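Below is one structure, written out as C-alpha cells, with a few remarks after it.
Sequence positions, counted from 1, serve as the residue numbers for this chain. The structure displayed is predicted, hence computed values, not measured ones.
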Amino acid sequence: MEITNLLGMDGNIVLGIVNERLRLECSTVEELVSRYELDFDELSEKMEAMGYHYDPINNQFK
C-alpha cells in the first residue's frame, strides 16, 4: 500500500498501517518518519487524538 498520503487517511487506517510498518520494516518511529518522509509531529497528533501514544519498548502505537 502506498503511504504518501497517509496522514490524510482515517486514523484507524493510519494506526494499522503505521504499526504494520513498524513491525515489519522499521525499528523505530524515527526511522519510519524518515523512510516515508512523514511529519513526526503530525503523526503524533493524529495518534494522540485517537488516544494512542508511541511505545518505544514494543515499537508500536498503543
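Residue E37 holds its CD atom at 12.0 Å from CG of L32, rounded to the nearest 0.5 Å. Note that CG of L15 and CD of Q60 are 8.5 Å apart. Values are rounded to the nearest 0.5 Å.
Using a 4.5 Å heavy-atom threshold, the side chains of K62 and N19 count as separate. Considering only heavy atoms from C-beta on, H53 stays 4.5 Å or farther from M47 through its side chain. Within the 4.5 Å cutoff, side-chain heavy atoms of R21 are placed close to those of Y36. Contact annotation: the side chain of D39 never approaches that of L43 to less than 4.5 Å [non-hydrogen atoms, C-beta and beyond]. You'll find the side chain of L22 reaches within 4.5 Å of the side chain of V18, heavy atoms only.
Shortest non-hydrogen contact noted between V29 and N59 is N-OD1, 4.0 Å. Nearest heavy-atom pair across Y54 and F61 is N-CD2, 3.5 Å.
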Report the C-alpha separation of I17 and M9 in whole Å, then their side-chain angles, then the decisive distance to 0.1 Å, and conclude whether the side chain to side chain contact (heavy atoms under 4.5 Å, CB included) test is met.
-> CA-CA 10 Å; I17 292 171; M9 296 178 183; 4.1 Å; yes
Run the side chain to side chain contact (heavy atoms under 4.5 Å, CB included) check on N12 and M50 step by step: do they pass?
-> CA-CA 8 Å; N12 292 305; M50 295 181 6; 3.8 Å; yes
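Applying the side-chain contact (heavy atoms from CB on, under 4.5 Å) test to R35 and every residue at least two apart in sequence or in another chain returns E25, C26, E31.
Between the side chain of K46 and the backbone N or O of V14 there is no donor-acceptor pair closer than 3.5 Å. Of the possible polar contacts, one joining the S44 side chain to the F40 backbone as a donor-acceptor pair under 3.5 Å is found.
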